[in-house]
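No experiment lies behind these values; they were computed from the predicted model shown. We count residues from 1, following the sequence as given.
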Amino acid sequence: MSARPAVLRELLERYERLSAQSPEVLAEPRIGDLLRDTAYTLCVTTGTRDIDAALAAARARLAGAAKATVPAPAPAPESGARGADAPKVADEARKTALEAA
């Protein structure tokens, strides 16, 4: 089972936000508990046993998820187009050639 990227991103951002707090703020029981709970949840979610490994795994998964959602570029039109689009493709090719000249 793998967490959705949005959930993983939220956990990672929460951990980073909490861990960036000053020592005085982290000494508050509520904040310290929240940081520990977030670290634990990140470890469970990523299948790791320590927070450094969990952070690395979360970042790697999010990077992989981002690459997976980037659409592939549209294929270039074939030369010698056929069918109803042939005149349109030819006109666009002429226009491009004239603009380049």
Provide the closest heavy-atom pair for [X] versus [Y] in the form atom of the first, atom of the second, distance.
X     : Y     : value
Thr45 : Arg61 : O-NH1, 3.2 Å
Asp52 : Asp50 : N-OD1, 3.1 Å
Ala58 : Thr46 : N-CG2, 3.9 Å

Once rounded to the nearest 0.5 Å, what's the spacing between atom CG of Leu11 and atom CG of Leu55?
10.5 Å

Please round to the nearest 0.5 Å and tell me the distance separating atom CD1 of Ile51 and atom CG of Leu42.
5.0 Å

Run the salt bridge (charged side-chain N to carboxylate O under 4.0 Å, His left out) check on Arg14 and Glu10 step by step: do they pass?
CA-CA 6 Å; Arg14 182 187 319 154; Glu10 195 279 325; 2.7 Å; yes

Option among Thr38, Leu35, Leu26 that satisfies the side-chain contact (heavy atoms from CB on, under 4.5 Å) test with Ser19
Leu35

Report whether Val7 and Leu18 are members of the same hydrophobic cluster (ILVMFWY, side-chain heavy atoms less than 4.5 Å apart, transitive linking).
yes

Report yes or no: do Ile31 and Tyr15 belong to one cluster of Ile/Leu/Val/Met/Phe/Trp/Tyr joined by side chain heavy-atom distances under 4.5 Å?
yes

How would you list, by chain and number, every residue that makes a salt bridge (Lys or Arg N to Asp or Glu O under 4.0 Å) with Arg17, sequence neighbours excluded?
none

Contacts of type salt bridge (Lys or Arg N to Asp or Glu O under 4.0 Å), residue Asp33, not counting sequence neighbours
Arg36

